[in-house]
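Notes to accompany the following structure.
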Amino acid sequence: MTRVLLLGGTTEAAALARHFAEGGIDAVYSYAGRTETPAAQPLPVRIGGFGGIDGLVAYLGAESITHIVDATHPFAATMSRNAVAAAERAGVRLCAYERPAWEAEDGDDWTHVADLAGAVAALPEEPSCIFLAIGRQHLSAFAALPWHRYILRLVDAPTGALPLPDAQVVVAKGPFTAEDDTALLKSRRVNLIVAKNSGGSGARAKLVAARALGLPVIMIDRPVLPPRQSVSSIDGIMRFLAHPADLGV
Ligand code: 3Y8
Ligand code: NAP
């Protein structure tokens with residue numbers, strides 16, 4: 001009997017959840033619990049970490065999970081690595097639902113960097129107004145360059161002090177629109193954007209806005225993940241659930 005653990009937290013995971021619910025697929029939607037009010041889902045939801053690989057192996061057994069669908073964000077690398085290891089140990093099939101990385105188009109001015117440290121190293125010397133659209137978890141890396149003004153977009157209002165002396169917070173949860181992001185970048189006089197190559201539609205708006213305004217973007221490339229079965233469509237996930245062997249490893 002198929003029972004799916006859907007590792008979520010993205011727009012694509014929400015679309016899959018709707019598809020599973022409409023199709024009567026026995027699935028549970030999993031959030032890490034990073035945000036105060038995660039979006040409701042049409043599936044039973046669990047919130048919080050599993051307790052590393054061992055905790056996830058125990059969960060898979062206790063919940064009689066037969067398939068893992070990893071629809072987490074491409075930068076949720078620890079979760080994805082743990083899921084591959086736990087699936088292997090528990091003898092559970094796993095398939096990732098990956099969205100293609102963004103690629104620069106005509107009119108884009110992107111500088112690719114390998115990781116967060118690369119983004120910090122790529123910042124200009126002269127004081128600038130930088131839109132840090134990378135969330136809350138990694139802001140301290142930019143404290144090394146306190147002379148910049150940082151515009152921060154966060155899902156929840158910050159609780160403690162921010163690690164950046166000159167920072168303005170915009171509290172907003174995506175998906176975002178190019179129109180709103182263009183207005184935001186103009187009104188805050190942003191002259192540089194730092195983004196993760198998340199892919200998908202939910203965060204692309206700032207890139208469309210940057211192109212329209214002729215602003216440079218420092219693009220952080222995705223972390224490397226272990227080899228695993230992956231698809232980039234709902235049909236691909238449905239084929240995985242119906243005939244896992246067809247897709248090979
Ligand atoms: C908790 C669930 C939906 C899903 C919405 C997508 C789109 C908007 C783009 C910008 C970039 C950022 C951030 C972002 C995007 C979608 C999608 C996506 C980027 C929620 C959500 C959870 C999270 C966690 C949160 C991180 C943060 C990252 C904000 C819900 C809204 C910057 C990533 O405060 C924190 O600790 C936030 C942590 C991980 C990155 C970071 O390091 O701070 N996402 N985002 C999930 C969980 O608990 O399991 O609250 O409803 C989901 C979404 N975030 O409803 O359609 O699918 O990509 N999320 C990045 O891409 O750089 C915003 O502002 O332009
Ligand atoms: P991460 O660094 O890869 O994972 C750190 C730990 O958080 C994991 O080891 C696991 O804890 C727990 N965790 C992560 N995702 C989980 C999930 N879906 N369900 C249960 N536990 C989870 O993760 P992250 O980058 O902080 O992302 C956390 C969540 O936010 C994910 O759902 C992701 O899809 C979503 N998200 C992340 C980003 C981003 O930029 N990173 C962007 C948009 C959405 P244990 O080890 O205890 O099991």
Side-chain angles (χ1 to χ4, degrees), residues 5-18 28-42 45-60 68-86 96-102 115-116 119 131-142 151-160 162 169-178 180-182 184-185 190 193-210 217-223 225-226:
L5 170 62
L6 175 54
L7 298 175
T10 59
T11 301
E12 287 74 10
L16 267 179
R18 288 192 293 274
V28 59
Y29 190 104
S30 182
Y31 278 122
R34 283 271 181 285
T35 53
E36 287 170 6
T37 51
Q41 297 297 338
V45 170
R46 66 165 300 288
I47 299 181
F50 296 97
I53 297 170
D54 293 347
L56 180 50
V57 170
Y59 176 87
L60 296 172
I68 297 177
V69 172
D70 180 353
T72 59
H73 189 275
F75 282 74
T78 305
M79 184 71 258
S80 292
R81 290 174 186 137
N82 288 1
V84 167
Y97 183 33
E98 289 183 354
R99 57 223 193 164
W102 291 317
D115 50 26
L116 201 65
F131 183 43
L132 270 191
I134 56 167
R136 173 181 62 92
Q137 297 186 89
H138 305 293
L139 295 177
S140 52
F142 295 86
I151 310 297
L152 312 176
R153 180 148 63 189
L154 305 177
V155 177
D156 298 313
T159 46
L162 291 166
V169 173
V170 176
V171 178
K173 180 188 286 195
F176 306 102
T177 67
D180 290 348
D181 276 7
T182 302
L184 173 68
L185 297 179
V190 167
I193 291 144
V194 178
K196 295 177 193 166
N197 198 328
S198 311
S201 56
R204 179 195 293 272
K206 58 184 175 282
L207 305 179
V208 177
V217 175
I218 293 176
M219 183 60 73
I220 304 173
D221 291 337
R222 296 176 169 187
L225 296 176

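Note that these values count all heavy atoms, side chains included, but never hydrogens, waters or copies made by symmetry. As the structure lists them, so they are numbered: ligands from 1, and atoms in each ligand from 1.
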Test item: protein heavy atom less than 4.0 Å from atom 15 (C) of ligand 1: no
Just let me know how His73 lines up against ligand 2, side chain, backbone, both or neither, with a heavy-atom cut-off below 4.0 Å. both
Kindly identify the option in Ala77, Gly8, Ala76 whose heavy atom sits closest to atom 32 (O) of ligand 2. Gly8
Can you pull out the closest protein heavy atom to atom 61 (O) of ligand 1? Residue, atom name and distance to 0.1 Å, please. Ser198 OG, 2.5 Å
Need the ligand 1 atom indices (1-based, order shown) with element for anything under 4.0 Å from a heavy-atom of Ala203. 9 (C)
What atoms of ligand 2 come closer than 4.0 angstrom to any heavy atom of Asn82? 9 (O), 46 (O)
Which atoms of ligand 2 have any heavy atom of Ser30 under 4.0 Å away? 17 (C), 18 (N), 19 (N), 20 (C)
Distance under 4.0 Å to a non-hydrogen atom of Gln137: what atoms of ligand 2 satisfy this? 26 (O)
Would you confirm whether any non-hydrogen atom of the protein falls under 4.0 Å from atom 52 (C) of ligand 1? yes
Would atom 41 (C) of ligand 1 count as contacted, meaning some protein heavy atom under 4.0 Å? yes
Please state which option from Gly33, Ser198, Gly51 has its nearest heavy atom closest to atom 47 (O) of ligand 2. Gly51
Among all protein non-hydrogen atoms, which one is nearest to atom 7 (C) of ligand 1, and what is the separation to 0.1 Å? Thr11 OG1, 3.4 Å
